[in-house]
Chemist: 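Let me begin by handing over the structure; questions about it come next.
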2 protein chains.
Amino acid sequence: MRIGEVAALVGITSRAVRHYHHIGLLPEPARRANGYRAYTVRDAVLLARIRRLTELGLGLDEVRDVLADDAGRDLAEVLGELDADLARQERELAERRRQLARLLDGPLSDLGPVSPELAELLGAAAATDSPTAVKDREHLVLLDGAGGSAEVYAALRPLAEDPAVVALYERLDELAGAPADDPRIGPLAAELVAAVPAGVFDAIPYGGDPHPGIGAALLADYPPAQAEVVRRVMAAMTARMRERR
Amino acid sequence: MRIGEVAALVGITSRAVRHYHHIGLLPEPARRANGYRAYTVRDAVLLARIRRLTELGLGLDEVRDVLADDAGRDLAEVLGELDADLARQERELAERRRQLARLLDGPLSDLGPVSPELAELLGAAAATDSPTAVKDREHLVLLDGAGGSAEVYAALRPLAEDPAVVALYERLDELAGAPADDPRIGPLAAELVAAVPAGVFDAIPYGGDPHPGIGAALLADYPPAQAEVVRRVMAAMTARMRERR
DNA sequence: CTTGACCTTGTCGTGGCGTCAAGGTTTCTA
DNA sequence: TAGAAACCTTGACGCCACGACAAGGTCAAG
């Protein structure tokens with residue numbers, strides 16, 4: 001048989017057969033005078049075994065191992081491992097599908113896919129065009145990906161529903177062009193801190209300061225006066241969280 | 001933020017972030033004086049979205065598409081396709097696991113994993129060390145991989161169980177060193193053809209001659225006298241099968 | 001001043017082949 | 001008898017999402 005014939009017989013491509021030669025899985029057969037490979041029935045039988053094993057999901061080097069020790073004992077062992085592997089993959093797949101279903105079930109945030117808990121919180125929040133409010137929500141989305149906790153969201157719920165919070169955001173917006181020593185900074189920071197429900201501090205998982213660069217980048221994201229407010233609010237909050245421990 | 005910080009924040013590796021830059025999925029941020037990349041919160045938010053999408057199983061170019069059209073419409077569409085794809089993969093996985101279970105359930109042939117139907121037939125066949133019998137079974141295993149039919153196996157069942165067939169194989173063995181004109185060839189071929197149950201011809205799916213090289217290789221697998229017997233048996237069988245159509 | 005933890009660019013490797021490229025051989029057909 | 005179609009040969013690159021390594025430069029702490 002020529003290579004195309006043996007390949008068609010066992011149901012694979014000639015390229016695959018050549019590949020098996022290349023990696024030493026199948027010995028090179030004799031050649032005809034014109035250089036064509038001349039396959040025997042034995043080669044075809046071997047190829048058929050290779051095909052069945054690869055179709056089960058074995059890698060080519062696993063196939064080589066199985067073919068090497070002719071004993072069926074090793075085959076059973078490898079197949080056992082393979083089944084465990086497939087079971088694991090199946091679980092992962094099912095898990096991803098569950099995540100997907102949860103995403104498709106709820107409303108799709110325009111900030112991308114988020115956890116259903118956060119999506120619910122964002123949906124409950126008062127609608128506003130305030131730029132700082134939008135930024136704040138982006139930060140929530142960011143933390144959501146970094147393992148945001150449903151308890152924090154629950155604790156934030158009353159804050160999100162409070163219509164008064166919109167006014168606070170708007171006062172923050174007004175500081176966009178203000179200098180870093182604007183007199184409105186102090187009072188606004190104090191009011192913001194006071195607005196945060198006490199339960200939030202208990203819910204936030206406190207795992208030590210992560211990286212100094214992150215806080216700096218957060219502040220760099222705001223114009224000077226706003227950054228100063230944010231700095232004060234964060235300082236007050238971390239201080240209060242440190243008290244708790 | 002430096003690259004390691006933003007990577008840790010969103011839960012990926014710095015290498016992945018650089019990769020996203022390389023393929024244009026994430027724009028290169030500004031550099032500090034020392035050449036380090038300086039990431040903003042916006043970058044982190046983008047990376048978090050990328051991470052969530054890739055974790056769902058999207059490819060990076062699909063992620064790019066989703067991020068490109070900011071509309072949530074396209075996202076739902078892509079996620080729908082993705083779910084269909086995952087469902088397909090899940091079915092394939094389950095199918096492979098079923099095959100595996102069937103293999104592990106029955107006895108493992110020393111010729112490698114075969115369909116349970118063929119395994120059953122081989123188990124029922126009379127035990128023998130005859131080389132031509134072994135070869136014959138290898139051919140069955142080969143055809144099994146090429147979509148062997150359970151009906152053929154059922155039709156062969158009485159032949160396999162017949163103790164007289166062992167004697168036929170042994171007479172074929174004896175022709176190993178004989179010349180191509182040995183007088184035992186004719187009678188043996190006739191008896192072999194007569195031994196094949198009529199039902200086999202109905203069961204064999206006849207799809208025209210596949211490739212001439214295959215038959216030639218089959219004959220080349222035998223010494224001259226045996227090859228002549230095989231040639232006659234096959235000629236008789238194909239002739240009878242052609243009659244049927 | 002060293003140590004160690006970062007950062008930079010660039011390149012190779014992964015798995016199982018698919019897909020050209022640039023030829024040579026064989027066989028069928030006009 | 002020529003030419004086209006269908007084979008075959010070796011060789012090399014592409015895929016996908018990075019991991020691992022090399023060979024440096026940078027920075028803060030002890």
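Residue numbers start from 1 in every chain, and the chains themselves are labelled A, B, ... in the order their sequence lines are given, proteins ahead of strands. As the structure is a computational prediction, the values presented were derived from the model and not from experiment.
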Chemist: Pick the nucleotide of DNA chain D nearest each of Asp61(B) and Ala33(B); which residue has the one closer to the 5' end?
Modeler: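 Its nearest nucleotide being more 5', the pick is Asp61(B).
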Chemist: Could you state the CD1-P distance from Ile214(A) to dC6(C), rounded to the nearest angstrom?
Modeler: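 Atom CD1 in Ile214(A) sits about 13 Å away from atom P in dC6(C).
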Chemist: Salt-bridged, Glu55(A) to Arg51(A), with N to O below 4.0 Å?
Modeler: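 Counted as a salt bridge, because a side-chain N and a carboxylate O are separated by less than 4.0 Å.
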Chemist: Atom CZ of Arg64(B) and atom P of dC16(D): how far apart are they, to the nearest Å?
Modeler: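 Distance, rounded to whole Å: 11 Å.
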Chemist: Can a donor-acceptor pair under 3.5 Å be found between the side-chain atoms of Arg15(A) and the base atoms of dT19(C)?
Modeler: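 Yes.
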Chemist: Under 4.0 angstrom, heavy atoms only, what part of the nucleic acid is Arg32(A) near: base, sugar-phosphate, or nothing?
Modeler: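 If one applies the 4.0 Å heavy-atom cut-off, Arg32(A) turns out to touch nothing in the nucleic acid.
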Chemist: With a cut-off of less than 4.0 Å, is there a side-chain N or O of Thr13(B) near OP1 or OP2 of dG19(D)?
Modeler: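 For dG19(D), OP1 or OP2 has a side-chain N or O of Thr13(B) closer than 4.0 Å.
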Chemist: For the side chain of Arg37(A), starting at C-beta, report the closest nucleotide among dC7(C), dT10(D), dC18(D).
Modeler: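 Nearest listed nucleotide: dT10(D).
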Chemist: Whole angstroms only, please: what is the OH-P distance between Tyr20(A) and dG16(C)?
Modeler: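 Those two atoms, OH and P, are 8 Å apart.
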Chemist: Give a yes or no on whether a salt bridge exists between Glu95(A) and Arg98(A), defined as a side-chain N under 4.0 angstrom from a carboxylate O.
Modeler: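 Arg98(A) and Glu95(A): salt-bridged.
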Chemist: Between Arg231(B) and Glu228(B), is the closest basic N to carboxylate O distance under 4.0 Å?
Modeler: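 So Glu228(B) pairs with Arg231(B) through a salt bridge.
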Chemist: Using only side-chain N and O atoms of Arg2(B), determine if any of them is under 4.0 Å from OP1 or OP2 of dA28(D).
Modeler: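 Checking Arg2(B) against dA28(D): no side-chain N or O falls below 4.0 Å of OP1 or OP2.
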Chemist: Under a 4.0 Å N-O cut-off, is there an ion pair linking Arg88(A) with Asp85(A)?
Modeler: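 A salt bridge is present here (some side-chain N lies under 4.0 Å from a carboxylate O).
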Chemist: Could you state the atom-to-atom distance from NE2 of His19(B) to C1' of dT11(C) in whole Å?
Modeler: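 Going from NE2 in His19(B) over to C1' in dT11(C) covers 15 Å.
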Chemist: Can you identify which nucleotide, out of dT26(C), dC7(C), dC8(D), has its nearest atom closest to the Asn34(A) side chain?
Modeler: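 Minimum distance to the Asn34(A) side chain belongs to dT26(C).
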Chemist: Expressed as a whole number of angstroms, how long is the span from Glu28(B):CD to dC7(C):P?
Modeler: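 Checked: the CD to P distance equals 14 Å.
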Chemist: How many whole angstroms separate atom CD1 of Ile23(A) from atom P of dG16(C)?
Modeler: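 For the pair Ile23(A) CD1 and dG16(C) P, the rounded distance is 7 Å.
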Chemist: Taking only side-chain N and O atoms of Arg18(A), does any of them lie within less than 4.0 angstrom of OP1 or OP2 on dT10(D)?
Modeler: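 Looking at the OP1 and OP2 atoms of dT10(D), neither is under 4.0 Å from any side-chain N or O of Arg18(A).
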Chemist: Let me know, please, whether Thr54(B) or Tyr36(B) comes out on the 5' side of the other along DNA chain D by nearest nucleotide.
Modeler: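 Comparing both residues, the 5'-ward one is Thr54(B).
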Chemist: Using the side-chain heavy atoms of Ala16(A), tell me which of these nucleotides is nearest: dC17(C), dT8(C), dC18(D).
Modeler: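 Nucleotide nearest to Ala16(A)'s side chain: dC17(C).
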Chemist: I need the CD1-C1' distance between Ile3(A) and dT9(D), as an integer number of Å.
Modeler: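 Answer to the nearest Å: 10 Å.
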Chemist: I'd like to know if Asp43(A) and Arg37(A) make a salt bridge, using a cut-off of under 4.0 Å between side-chain N and carboxylate O.
Modeler: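 Result for this pair is no, no salt bridge flagged.
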Chemist: Find the distance Leu58(A):CG to dG15(C):P and express it as a whole number of Å.
Modeler: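 After rounding, the reported distance stands at 14 Å.
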